[in-house]
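I have placed the structure first, in the form of structure tokens, so that the comments after it can refer back to it.
Side chains are part of it too, since the values below use all heavy atoms of this structure and drop only hydrogens, waters and symmetry mates. Positions are given from 1, in the same order as the sequence printed here.
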Amino acid sequence: MSDSPSPLLARLGFVVTRVLVPLWILTGALVKLIERSPKLLPENLLLLAERLGLGFDVLLAVLISIELAAVAAIWSLPRLARAVAASMLTAFCIVLVSLMAAGLEHCPCLGSLSPPPWLMLVIDGALLVTVLTLPLPRRAPSTRSFRRGLLATAGCAALSLLVAIAWIGSARTAPDGGPPHVLVDARDWAGRDFLELEIARHVDWPADLDVGPRYVVFYSKSCDHCRDLLESHFDGQRAVPAVLVAIPEERTGFAPERWLDVHFCEDCVEQRELPPGTEWIVAPPLVVAIEDGEVLCATEAVDPLDPSCLILG
């Protein structure tokens with residue numbers, strides 16, 4: 001009795017492992033390369049890069065290089081194709097689970113085209129299970145072809161890293177000489193002077209911001225959660241005054257074509273905007289509760305049905 005895999009299953013395994021998975025990985029790498037934005041990276045990786053003093057541009061370029069090298073390895077190293085494909089998909093699943101555990105409902109993986117994290121997890125999980133369970137066609141190993149595959153993979157990694165660094169770096173000059181991108185991490189804001197925060201230094205605030213209680217809400221005009229929060233909680237007179245600060249959709253400025261139809265009481269709140277030129281890496285809506293200029297609470301990605309930090313008054 002032969003223990004050879006079914007030809008049909010082997011062909012299906014080949015299509016999934018060596019065609020669909022590398023094309024899926026390649027899509028993510030090309031989106032990162034085209035958009036050239038650290039916003040496409042998970043926040044935990046950005047925080048780690050910040051602690052290590054590693055520039056976000058370099059981190060983005062390295063990750064693009066790794067993904068392109070993985071694609072090259074899957075295509076040119078048949079003996080390692082399953083291991084490389086499974087490793088990449090496992091890493092994707094871990095990142096998605098961490099995003100969901102943090103309560104984020106948007107995955108930046110594919111830019112503005114990204115489905116929610118749970119759907120991305122279903123896709124990556126299904127591909128991972130398929131890669132691990134379906135057989136691959138058997139072929140006689142060749143030392144020469146393996147060496148060529150290694151050289152091709154190494155060359156792809158090195159070339160893609162150089163190209164990515166040059167390409168991403170060319171778009172990273174802030175017109176005012178300020179930082180091209182700022183990672184906003186509001187978890188340690190409580191107890192700090194709000195006006196001393198990096199993000200607060202770029203806004204022309206009301207003169208009495210540091211007097212009494214105040215809400216500050218950083219939001220995006222293209223964010224459905226922001227729309228729901230503003231319409232549910234800022235569409236009428238409030239006991240505590242609020243300042244709404246719009247975040248530019250792009251580093252170069254606002255993108256009206258992406259704006260949602262947002263209704264809130266414009267006469268009940270003061271409105272401000274963050275200036276273009278800096279890419280703000282933040283999960284809106286970011287709600288900040290302030291008392292006499294001191295931050296009492298600050299939460300990103302606030303759920304409009306259970307809004308954290310609306311604690312004043």
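Although no hydrogens or angles enter the test, the distance criterion places a donor-acceptor pair under 3.5 Å between the side chain of Arg82 and the main chain of Leu134. Using a distance-only test at 3.5 Å, with no hydrogens or angles considered, no donor-acceptor pair links the side chain of Arg251 to the main chain of Pro276. Between the side chain of Tyr215 and the backbone N or O of Ile311, at least one donor-acceptor pair lies under 3.5 Å. Distance alone, capped at 3.5 Å, is enough to place a donor-acceptor pair between the Glu231 side chain and the His263 backbone. Looking at Asp292, its side chain does come within 3.5 Å of a backbone N or O of Gly212 through a donor-acceptor pair.
One hydrophobic cluster, built from ILVMFWY side chains closer than 4.5 Å, cannot hold both Leu77 and Leu159; they sit in different ones. Residues Met100 and Leu119 are members of one and the same hydrophobic cluster, defined by side-chain heavy-atom contacts under 4.5 angstrom among Ile, Leu, Val, Met, Phe, Trp and Tyr. Cluster membership for Trp75 and Leu136, using ILVMFWY side-chain heavy atoms within less than 4.5 angstrom, is not shared. A chain of hydrophobic side-chain contacts below 4.5 Å, direct or via other Ile, Leu, Val, Met, Phe, Trp or Tyr residues, connects Val97 to Leu45. A continuous path of Ile, Leu, Val, Met, Phe, Trp and Tyr side chains, each step under 4.5 Å between heavy atoms, connects Met88 with Val122, placing both in one hydrophobic cluster.
Residues Phe92 and Ile25 meet the side-chain proximity criterion, which asks for heavy atoms closer than 4.5 Å. Between Val217 and Phe264, every side-chain heavy-atom pair lies at or beyond the 4.5 Å cut-off. Put simply, the side chain of Pro307 does not reach to within 4.5 Å of the side chain of Val287, judged on heavy atoms. The closest side-chain heavy-atom distance from Pro78 to Arg18 is below 4.5 Å. Residues Val262 and Lys221 fail the side-chain proximity criterion, which asks for heavy atoms closer than 4.5 Å. At a threshold of 4.5 Å between non-hydrogen side-chain atoms, the residues Pro38 and Leu59 do not count as touching. In this structure, Leu20 and Val15 have side chains that are in contact, with non-hydrogen atoms separated by less than 4.5 Å. Between Arg214 and Leu312 there is no side-chain heavy-atom pair separated by less than 4.5 Å.
Taking CD of Glu266 as the reference point, atom CG of Leu230 lies at 10.5 Å (rounded to 0.5 Å). Note: Ile74 CD1 to Thr153 OG1 = 9.5 Å, rounded to the nearest 0.5 Å. Rounded to the nearest 0.5 Å, atoms OG (Ser222) and CZ (Phe254) are 10.0 Å apart. Atoms SG and CD1, on Cys309 and Ile290 in that order, are 10.5 Å from each other to the nearest 0.5 Å. Separating the CD atom in Glu35 from the CG atom in Leu30 is a distance of 11.5 Å, to the nearest 0.5 Å. Interatomic distance, Leu89 CG to Leu96 CG, rounded to the nearest 0.5 Å: 10.5 Å.
Side chains of Asp210 and Trp205: a donor-acceptor N/O pair is absent below 3.5 angstrom, by distance only.
For residues 33-62, the pairs satisfying ring pair (Phe, Tyr, Trp, His ring centres under 6.0 Å) are Phe56-His181, with sequence neighbours left out.
The two atoms that bring Ala255 and Glu250 nearest to each other are CB-OE2, 3.9 Å, heavy atoms only. Of all heavy-atom pairs between Arg227 and Asp261, the closest is CD-O, 3.7 Å. Taking both residues in full, the closest heavy atoms of Ser65 and Ala157 are given as OG-O, 2.7 Å, listed atom of the first, atom of the second, then distance. Closest heavy-atom contact between Val131 and Val16: CG2-CG1, 4.2 Å. In terms of heavy atoms, Asp204 sits closest to Arg272 at O-NE, 2.5 Å. Nearest approach of Val295 to Ala298, heavy atoms of both residues: CG1-CB, 4.2 Å.
For Ile247, the side chain to side chain contact (heavy atoms under 4.5 Å, CB included) partners are Phe218, Leu274, Trp280, Val282, Pro284, not counting sequence neighbours. The side chain to side chain donor-acceptor pair (under 3.5 Å) test applied to Trp259 returns Glu249, not counting sequence neighbours.
Open room surrounds CG on Asp267; 12 or fewer heavy atoms of other groups in view lie less than 6.0 Å from it.
Here the options are Asp57, Leu63, Ile64, the test is side-chain contact (heavy atoms from CB on, under 4.5 Å), and the partner is Leu60; only Ile64 passes. In summary, of the residues considered (Leu229, Leu310, Asp228, Leu286), a side-chain contact (heavy atoms from CB on, under 4.5 Å) with Val302 occurs for Leu229 alone.
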**OP:** Would you check, one step at a time, whether the test side-chain contact (heavy atoms from CB on, under 4.5 Å) holds for Leu209 with Val216?
**Re:** CA-CA 10 Å; Leu209 184 72; Val216 176; 4.3 Å; yes
Subject >> Derivation and outcome, side-chain contact (heavy atoms from CB on, under 4.5 Å), residues Glu198 and Val184 >> reply: CA-CA 8 Å; Glu198 175 65 30; Val184 178; over 6 Å; no
